[in-house]
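Accompanying notes for the structure given below.
Side chains are part of it too, since the values below use all heavy atoms of this structure and drop only hydrogens, waters and symmetry mates. Just so you know, residue 1 is the first one in the sequence shown, and it goes up from there.
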Amino acid sequence: MNNTIVGLGEILWDVFPERKVMGGAPANFAYHVSQFGYNGYAVSAVGEDLLGKEILDCLAEKGLNYLIETTDFPTGTVNVKLNDKGVPEYEICENVAWDNIPFTAKTENLAKNTGTVSFGSLAQRNSVSRETIKNFLKSMPENSLKIFDINLRQHFYSKELIHESLQLSNMLKINDEEIVLVAQLYGYREGDEQAICKRLLEEYELDIIVLTKGTDGSFVFTPKETSYQPTPVVHVADTVGAGDSFTAAFVASYLQGKCLIDAHQFAVEVSAYVCTQHGAMPKLPNTYLELFRK
């Protein structure tokens, strides 16, 4: 599998009461995999405005590769409030640039040379970006890794959208709140999260499901293995982007050939560190990069 790993979908500014931070799950994921030496790419769209220019400047400053188209729509923003546990609550603006990501010749060429992609449900709320995501997935090489980081937000999802996305994927990343919503949409009667994950694994013939449960730990399921890891106790600055760093660290380790348990443990440690930092894209200390290389 080649070295190019793409985060495909929304890129935006998370606007906190006192500051704004570049974010969007696919871009966060792409940045973190690039820290582990992979050829990370953010694929999205911005507006022809100051916020869009600032995103491109920020990506360049972080040294992240990108294929970001400029559109006539405004650059995306999300108003973020943190509750008393540091957990974010989002108000996501609509009709923005990342709703209208075009599928260009450059995009198709990148897809043909991409070994791994992560995409979610949020960027599929509009038909333009939804078709671009589908075309990208269908243009990728055979045996590539296609991660559906489900990322359910507000009302921007449906059973049909989830079903179609899972059919195009071979890995699912989901959290404890999202697994409950999916079970309700599908009419599953299993009350146990593990049973629901194993059912999805079988019904969609997935290779991997990652289930994160905040402070209650996380699971990784494959058809043959189940791994559980507790969540380390840390001083939380905020949890924005923690799940994206988890996925990136797990995928980077797994692609490197680490066993399931070792890849899972590394993902837990990286995401715990990200929780101690403000924003979704902190630079990882060398200790984590050295641990990854072992």
Side-chain angles (χ1 to χ4, degrees), residues 6-12 14 23-29 43-45 71 73 76-80 87-103 107 111 117-140 145-193 195-213 221 243-244 247:
V6 167
L8 171 59
E10 64 272 18
I11 196 166
L12 46 85
D14 286 322
N28 297 340
F29 168 81
V43 178
S44 189
T71 73
F73 296 85
T77 57
V78 175
N79 296 319
V80 185
V87 177
E89 298 172 354
Y90 304 96
E91 180 188 347
I92 305 169
C93 298
E94 298 186 59
N95 300 314
V96 293
W98 57 260
D99 285 315
N100 297 276
I101 306 168
F103 190 70
T107 312
V117 67
S118 179
F119 70 102
S121 61
L122 184 55
Q124 297 186 72
R125 66 182 182 177
N126 179 278
S127 60
V128 176
S129 291
R130 184 165 62 248
E131 287 305 308
T132 291
I133 288 170
K134 288 180 181 178
N135 287 330
F136 193 100
L137 294 170
K138 292 174 182 177
S139 300
M140 290 174 67
L145 179 58
K146 300 170 183 177
I147 307 158
F148 181 36
D149 184 358
I150 194 166
N151 206 21
L152 302 181
R153 293 284 184 261
Q154 295 174 205
H155 58 281
F156 302 122
Y157 60 89
S158 65
K159 179 182 177 181
E160 179 184 13
L161 175 61
I162 294 169
H163 173 69
E164 289 180 354
S165 297
L166 285 170
Q167 286 184 314
L168 293 169
S169 308
N170 42 33
M171 175 176 167
L172 169 66
K173 160 67 172 60
I174 194 165
N175 67 30
D176 50 347
E177 294 179 353
E178 293 163 342
I179 196 72
V180 172
L181 293 172
V182 169
Q184 291 172 348
L185 285 173
Y186 277 69
Y188 288 168
R189 297 189 180 277
E190 293 93 335
D192 181 76
E193 296 163 335
I196 295 167
C197 285
K198 289 175 181 177
R199 182 168 178 176
L200 289 169
L201 195 71
E202 182 178 354
E203 289 188 0
Y204 287 98
E205 299 181 344
L206 299 171
D207 296 328
I208 302 170
I209 293 182
V210 172
L211 170 65
T212 56
K213 294 165 55 67
F221 304 93
D244 307 322
T247 308

Does [X] reach the side chain of [Y], with side-chain heavy atoms less than 4.5 Å apart?
{"X": "Met171", "Y": "Leu145", "result": "yes"}
{"X": "Ile174", "Y": "Ile150", "result": "yes"}
{"X": "Arg130", "Y": "Arg125", "result": "no"}
{"X": "Ser121", "Y": "Leu152", "result": "yes"}
{"X": "Ile208", "Y": "Phe221", "result": "no"}
{"X": "Lys134", "Y": "Glu164", "result": "yes"}
{"X": "Val210", "Y": "Thr247", "result": "no"}

Closest heavy-atom pair and its distance - Asp176, Glu193: CB-OE2, 3.7 Å
Side chain to side chain donor-acceptor pair (under 3.5 Å) between Ser165 and Gln124, intermediate numbers included: CA-CA 10 Å; Ser165 297; Gln124 297 186 72; 3.1 Å; yes
Residues, nucleotides or ligands: over 12 heavy atoms within 6.0 Å of Glu160 CD: no
Derivation of the side chain to side chain donor-acceptor pair (under 3.5 Å) call for Asp244 and Asn28: CA-CA 6 Å; Asp244 307 322; Asn28 297 340; 2.8 Å; yes
Cation-aromatic face contact Lys146/Phe119, 6.0 Å, 45 degrees: no
is_close_aromatic(Tyr186, His163), centroid dist under 6.0 Å: no
